[in-house]
K.L.:
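A single structure is presented below for examination.
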Amino acid sequence: MKKRMPAAAKQNLNNKNIFILPTKFGLAYVLSVFVLFLLGTNYQNNLIILMSYLFASVFLTAMLYSFLNMFGLQFLFKSQVSAYATQTVSVPLTIISNKPRFDINFVFENNQQTTEVSIKEGESATKIPFHALKRGVNNPGRLKILSEYPLGLFVCWTHLDFDCEVITYPAKNNFHHIKQDSSQQHEEINGNNVVEGGEDFGELREYKQGESNAKIAWKQLARGQGWLTKTTQIELGHKVWLSLKQLPSAPIETKLEMLCFLILDHHKNNIPFGLDLDAIQISPSTGNKHINKCLTALAFYGKPQHNAALSALNSHTESEVALNV
């Protein structure tokens, strides 16, 4: 199968990768047609023979329509997928068709949840569920695509490999009892840093066209000092570091789940934080890129794909990553 249908991000269905066989209902149907034919020939009844020919033509027509319902479909896997352990994730798949298709079913070979889709002409998208069991990289396996359209007499199917990998973070559990202790233990005094956007007055700067009128320094404008904008700021007196060393004694997977909870909690509250995993230190920061970087580091911690994780982290630019390996 690897030689006949190699892995690729884009796959086209043709007569080399589509398989078709009668279903159990189809086999029973053929047997019934054959019995009718025998009865018609044995009793020399032309009407029964005509009926057997008619049913046989329906059988052959259904075979052709079943094959053409899948022939010519194109599938494209575009993006990388991430999930939390024990979570069901939806793997996006783009479908390109030159005509409407009916009752197409999708299921990963390492999963039992089937998705049925009727495809419209043109480009459409669907999501295939996959249950990620363990932390690290999970391969959903080949995607089985099958259909019994139109009459259920034939099953037409294929097994496509999109080389899809699901990066799985530690399980997302609640550890509220470690929230306060962890924040206190990982503080690092770093002077008085400020960021714009708080409630305290910060400074006056030159007005930029399009800024809100509420931020304009009207008093200074009335005094003839020109157009100025008032900025506000928040004072930050510390940075928070999250580390395995500071967590309570527990199995490594439980500790990683604790770190996952703390990362999500700090991100939710927009608190800058850094991550220390011995081999990798991610400088304190905020934002979606930063949290993705930290969660990816947790996903690959202690795994054989550790080098791939380092490459993935280095591909981001929002915050600095220090590697001690």
Side-chain angles (χ1 to χ4, degrees), residues 1-21 23-24 66-67 69-97 101-119 123-149 154-172 253 256-257 260 292 295-296 298-309 311-312:
M1 187 173 290
K2 289 183 179 179
K3 184 177 180 180
R4 186 185 184 98
M5 295 180 290
K10 185 176 182 180
Q11 301 276 7
N12 300 326
L13 294 187
N14 51 53
N15 57 349
K16 293 184 178 180
N17 55 17
I18 296 178
F19 308 93
I20 183 170
L21 281 175
T23 61
K24 291 181 179 180
S66 181
F67 176 80
N69 188 48
M70 290 184 60
F71 181 81
L73 277 174
Q74 299 180 18
F75 301 97
L76 180 63
F77 177 75
K78 289 185 177 181
S79 58
Q80 193 176 53
V81 182
S82 58
Y84 297 93
T86 70
Q87 180 189 54
T88 298
V89 62
S90 297
V91 179
L93 186 69
T94 300
I95 307 171
I96 303 173
S97 176
R101 318 286 179 135
F102 305 97
D103 300 333
I104 308 292
N105 295 272
F106 300 87
V107 60
F108 282 112
E109 64 179 11
N110 295 336
N111 199 38
Q112 299 299 323
Q113 192 171 351
T114 303
T115 301
E116 182 177 324
V117 179
S118 291
I119 302 169
E123 183 174 314
S124 58
T126 187
K127 294 183 177 180
I128 317 301
F130 171 70
H131 190 63
L133 294 175
K134 57 183 180 179
R135 179 180 62 87
V137 175
N138 288 277
N139 189 337
R142 288 183 176 267
L143 178 64
K144 184 177 182 180
I145 306 170
L146 71 156
S147 175
E148 294 184 4
Y149 176 86
F154 288 88
V155 56
C156 193
W157 80 96
T158 186
H159 293 268
L160 301 180
D161 188 355
F162 293 95
D163 199 21
C164 171
E165 291 184 343
V166 179
I167 297 179
T168 308
Y169 309 141
K172 189 165 56 172
E253 292 299 326
L256 292 173
E257 292 174 6
C260 181
N292 288 337
L295 291 175
T296 301
L298 294 184
F300 285 95
Y301 181 82
K303 296 291 182 179
Q305 308 93 339
H306 187 67
N307 291 334
S311 299

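None of the values given here were measured: they were computed from a predicted structure. Basis for what follows: all heavy atoms, side chains included, without hydrogens, waters or symmetry-related copies.
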K.L.:
Apply side chain to side chain contact (heavy atoms under 4.5 Å, CB included) to residues F75 and I96 and explain how you reach the verdict.
P.N.:
CA-CA 6 Å; F75 301 97; I96 303 173; over 6 Å; no
K.L.:
Could you pull out the closest heavy-atom pair between A83 and A132, with the gap in Å?
P.N.:
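For A83 and A132, the tightest heavy-atom pair comes out as CB-CB, 4.5 Å.
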K.L.:
Please tell me if the side chains of F130 and N138 come closer than 4.5 Å, counting only heavy atoms from C-beta onward.
P.N.:
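A side-chain contact under 4.5 Å exists here.
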K.L.:
Give the intermediate values and the outcome of side chain to side chain contact (heavy atoms under 4.5 Å, CB included) for residues K2 and R142.
P.N.:
CA-CA 10 Å; K2 289 183 179 179; R142 288 183 176 267; 4.0 Å; yes
K.L.:
Sequence neighbours left out, what passes side-chain contact (heavy atoms from CB on, under 4.5 Å) with N139? Give chain and number order.
P.N.:
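Partners of N139 by the side-chain contact (heavy atoms from CB on, under 4.5 Å) criterion come out as none, since no residue qualifies.
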K.L.:
For side chain to side chain contact (heavy atoms under 4.5 Å, CB included), just list the numbers for F106 and V91, CA-CA rounded to whole Å, side-chain angles, deciding distance to a tenth of an Å, and then say yes or no.
P.N.:
CA-CA 11 Å; F106 300 87; V91 179; over 6 Å; no
K.L.:
Applying ring pair (Phe, Tyr, Trp, His ring centres under 6.0 Å), name anything that partners F162, two or more places apart in sequence or on another chain.
P.N.:
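Applying ring pair (Phe, Tyr, Trp, His ring centres under 6.0 Å) to F162 gives none.
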K.L.:
So L295 and S82, do their side chains get closer than 4.5 Å, heavy atoms only?
P.N.:
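Heavy-atom side-chain distance check fails, nothing below 4.5 Å.
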K.L.:
When you compare the side chain of T158 with that of Q11, does any pair of heavy atoms fall below 4.5 Å?
P.N.:
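Not in contact.
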K.L.:
Just jot down the side-chain hydrogen bond (donor to acceptor under 3.5 Å, both in side chains) partners of T88, sequence neighbours excluded, or say none.
P.N.:
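With neighbours one apart ignored, the set is H131.
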K.L.:
Hey, could you give me the NZ/CD distance between K134 and E253, rounded to the nearest 0.5 Å?
P.N.:
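Output value for this atom pair is 11.0 Å.
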K.L.:
If I take atom CZ from residue F71 and atom CZ from residue R101, how far apart are they, to the nearest 0.5 angstrom?
P.N.:
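Answer rounded to 0.5 Å: 9.0 Å.
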K.L.:
For L93, does its backbone N or O pair with a side-chain atom of T126 as donor and acceptor, under 3.5 Å?
P.N.:
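Side chain of T126 to backbone of L93: no pair is present.
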K.L.:
List for me each residue that meets side-chain hydrogen bond (donor to acceptor under 3.5 Å, both in side chains) alongside D161, sequence neighbours excluded, and say none if there are none.
P.N.:
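Applying side-chain hydrogen bond (donor to acceptor under 3.5 Å, both in side chains) to D161 gives none.
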K.L.:
What distance do Y149 atom OH and M70 atom CE have between them, rounded to the nearest 0.5 Å?
P.N.:
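Reported to 0.5 Å precision, the distance equals 14.0 Å.
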K.L.:
Could you give the distance from OH (Y84) to SG (C260), rounded to the nearest 0.5 Å?
P.N.:
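Here the interatomic distance stands at 5.5 Å.
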K.L.:
Just wondering, do N105 and W157 contact through their side chains at under 4.5 Å, heavy atoms?
P.N.:
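Answer no - side chains too far apart.
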K.L.:
With sequence neighbours left out, what residues match F77 under ring pair (Phe, Tyr, Trp, His ring centres under 6.0 Å)?
P.N.:
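Result, ring pair (Phe, Tyr, Trp, His ring centres under 6.0 Å) vs F77: none returned.
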K.L.:
Distance-only criterion, 3.5 Å: show the donor-acceptor pairs between side-chain atoms of residues 13-20 and protein atoms not counting sequence neighbours.
P.N.:
residue : atom : partner : partner atom : Å
N14     : OD1  : K16     : N            : 2.9
N17     : OD1  : N14     : N            : 2.8
N17     : ND2  : N12     : O            : 2.8

K.L.:
Does the Q113 side chain pair with the main chain of I128, one donor and one acceptor, at a distance under 3.5 Å?
P.N.:
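Between the backbone of I128 and the side chain of Q113 there is no qualifying donor-acceptor contact (under 3.5 Å).
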K.L.:
Output, in order, the C-alpha distance, side-chain angles, deciding distance and verdict of side chain to side chain contact (heavy atoms under 4.5 Å, CB included) for T115 and K127.
P.N.:
CA-CA 8 Å; T115 301; K127 294 183 177 180; over 6 Å; no
K.L.:
Distance check, rounded to the nearest 0.5 Å: F102 atom CZ versus S66 atom OG?
P.N.:
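Going from CZ on F102 over to OG on S66, the span is 13.5 Å.
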K.L.:
Would you give the length of the straight line joining atom CG of D103 to atom SG of C156, rounded to the nearest 0.5 angstrom?
P.N.:
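Here the interatomic distance stands at 13.0 Å.
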K.L.:
Check whether any side-chain N or O of R135 sits under 3.5 Å from a backbone N or O of Y301 as a donor-acceptor pair, and report yes or no.
P.N.:
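At least one qualifying donor-acceptor pair exists.
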K.L.:
What's the shortest heavy-atom distance between T296 and Y169, and which atoms?
P.N.:
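Looking at all heavy atoms of both residues, the closest pair is N-CE2, 3.8 Å.
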